Trainee: 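The structure that follows is given in the form of structure tokens.
Basis for what follows: all heavy atoms, side chains included, without hydrogens, waters or symmetry-related copies. Whatever order the structure lists ligands and atoms in, that order sets their numbers, starting from 1. Everything numeric here is computed off the predicted structure, so don't read it as measured data. For the single chain, residues carry numbers from 1 onward in sequence order.
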Amino acid sequence: MRSSYKILKVFGISVELHITFLLTLLGFFILSWMSDGLISGIQTLIFFVILFTVVVLHELSHSIVAILNGIKVTRITLLPIGGVASIEIPDKPVVELMMAIAGPFFNFVMAFFCVLLLGLMVPLAEIPTLLQGLEDPSILLSSVQGILILLLWVNLMLGIFNLVPAFPMDGGRIFRSILAIFMDYTRATRIAVNVGRILAVVMVVLGLFKNPWLLVIGALIFFVGGQEYRVVALRQSLRGLTVTQIAVPRMDYVNGDVILREFLNLIAKPGVEFYPVINESRVVIGVLRLEDLRGLGQENLNDPVRKFVRKPDVVDGKKKVEDAVMELMVKDFVLVVESGQVIGYTTPKHLNEVARFQNVLGS
Ligand SMILES: [Zn+2]
């Protein structure tokens with residue numbers, strides 16, 4: 001089953017709904033239908049459509065600034081806790097600062113326009129009172145004024161919440177890029193990640209008593225922050241090297257015609273999880289992963305191993321490691337290719353080992 005479904009494509013970026021998002025939406029719809037009737041269910045749906053349209057526009061604001069600075073953006077995924085744009089982390093602090101600010105900036109501009117439009121309908125002094133009466137979606141969605149109040153609230157919340165200085169939220173990136181003006185990038189990241197983690201713990205504690213959403217976001221911040229730091233630290237240690245230079249050249253190739261029984265008895269060995277599979281012309285046709293063979297029955301033992309290969313992830317060996325770190329860290333086995341020739345592989349574990357070695361050399 002796929003985990004994300006594409007709904008549209010803008011500026012070459014595909015906007016996708018994650019399955020957990022769809023299930024949460026469906027859950028809220030059914031809950032409110034069962035407790036207050038179908039109309040209420042539909043209003044809940046409209047409420048979420050408005051909320052997440054604003055979330056997509058927020059993510060698009062980041063993405064446009066990224067694209068203008070030559071950084072690739074592949075997709076925006078909507079999760080129940082918000083949107084995630086897959087943007088490579090730029091290594092210029094100023095670019096990161098502009099990219100990070102763009103999202104909340106968009107929300108505040110939109111909030112400003114909501115206040116302007118509302119000002120044409122009601123005295124400005126009444127707006128705070130209107131914002132307090134937000135609980136009832138049926139009133140909000142029944143008039144233009146109500147929808148503007150809803151949009152104002154959504155934008156203010158998104159803008160303010162995202163400024164909390166904790167990765168992966170925008171505030172964390174803004175904080176890091178400002179620190180990075182005064183110190184080296186790795187140290188700036190470490191400080192920003194630690195501050196974010198303290199805030200994450202606060203969120204988890206608050207979440208336990210107040211709001212489960214906060215609990216999930218706090219936990220996420222805690223883990224993603226650490227991941228962000230590892231990527232930056234790896235980049236720092238491996239700066240200047242090409243992927244070929246760090247690749248492991250020796251591999252246990254397996255002929256695709258070898259039957260599974262023979263592979264398991266004679267070729268597979270402890271500690272080696274991945275085996276590139278080749279055809280008679282010695283061209284790699286896929287990768288065999290031990291984990292994929294788990295659960296196969298007796299009836300498969302006489303099948304050739306090429307039946308069980310998966311498409312290999314490949315990386316251009318000429319690439320600089322610092323530019324490839326993100327893709328190398330998220331895939332568990334990557335073949336390194338130069339001029340159409342497989343010359344080795346890398347794994348996240350190997351990458352960490354090389355980095356540790358480089359640190360020893362450099363210290
Ligand atoms: Zn953002």
Side-chain angles (χ1 to χ4, degrees), residues 4 7-8 10-18 20-21 48-114 151-180 188-189 192-193 195-197 199-200 203 213-214 216-229 231-232 326:
S4 292
I7 45 164
L8 64 127
V10 259
F11 306 119
I13 309 162
S14 88
V15 178
E16 300 179 1
L17 300 181
H18 195 261
T20 52
F21 173 80
F48 276 98
V49 169
I50 292 178
L51 176 64
F52 279 89
T53 306
V54 177
V55 170
V56 170
L57 292 173
H58 170 109
E59 295 304 327
L60 275 177
S61 311
H62 291 305
S63 308
I64 290 168
V65 177
I67 292 172
L68 288 177
N69 282 284
I71 297 161
K72 235 174 83 183
V73 185
T74 41
R75 74 180 86 82
I76 291 170
T77 313
L78 286 182
L79 300 165
I81 52 155
V84 179
S86 308
I87 306 178
E88 296 224 343
I89 308 172
D91 48 11
K92 287 199 199 85
V94 180
V95 174
E96 175 169 52
L97 184 61
M98 288 192 301
M99 251 170 67
I101 286 180
F105 181 74
F106 165 81
N107 290 124
F108 292 130
V109 169
M110 212 166 154
F112 174 73
F113 279 109
C114 289
L151 275 175
L152 173 60
W153 177 77
V154 165
N155 278 292
L156 279 180
M157 284 300 124
L158 273 175
I160 294 169
F161 189 65
N162 270 293
L163 286 180
V164 173
F167 281 109
M169 288 195 302
D170 303 330
R173 297 189 185 288
I174 294 171
F175 183 39
R176 188 245 312 261
S177 52
I178 293 173
L179 287 177
T189 306
V193 166
V195 170
R197 284 191 155 173
L199 290 171
M203 277 189 204
W213 240 240
L214 218 50
V216 176
I217 292 175
L220 185 89
I221 287 171
F222 198 87
F223 292 109
V224 176
Q227 202 182 4
E228 176 95 16
Y229 176 67
V231 168
V232 171
M326 292 285 267

Trainee: For Ser14, enumerate each residue passing the side chain to side chain donor-acceptor pair (under 3.5 Å) test, keeping only those at least two apart in sequence or located in another chain.
Mentor: Glu16
Trainee: Take the Zn ion (ligand 1) and tell me which protein N, O or S atoms are nearer than 2.8 Å.
Mentor: His58 NE2, His62 NE2, Asp170 OD1, Asp170 OD2
Trainee: Using side-chain contact (heavy atoms from CB on, under 4.5 Å) as the criterion, list what pairs up with Leu151, not counting sequence neighbours.
Mentor: Ile50, Val54, Met110, Cys114, Ile147, Asn155
Trainee: Are any side-chain N or O atoms of Arg197 and backbone N or O atoms of Phe222, one a donor and one an acceptor, separated by less than 3.5 Å?
Mentor: yes
Trainee: Enter the distance from Phe52:CZ to Leu57:CG here, rounded to the nearest 0.5 Å.
Mentor: 13.0 Å
Trainee: Could you state the interatomic distance from OG1 (Thr77) to CG (Leu17), rounded to the nearest 0.5 Å?
Mentor: 9.0 Å
Trainee: Tell me which donor-acceptor pairs under 3.5 Å the side chains of residues 93-103 have, and how far apart each pair is, sequence neighbours excluded?
Mentor:
unit_1: Glu96; atom_1: OE1; unit_2: Arg176; atom_2: NE; d: 2.8
unit_1: Glu96; atom_1: OE1; unit_2: Tyr185; atom_2: OH; d: 3.2
unit_1: Glu96; atom_1: OE2; unit_2: Arg176; atom_2: NE; d: 3.4
unit_1: Glu96; atom_1: OE2; unit_2: Arg176; atom_2: NH2; d: 2.7

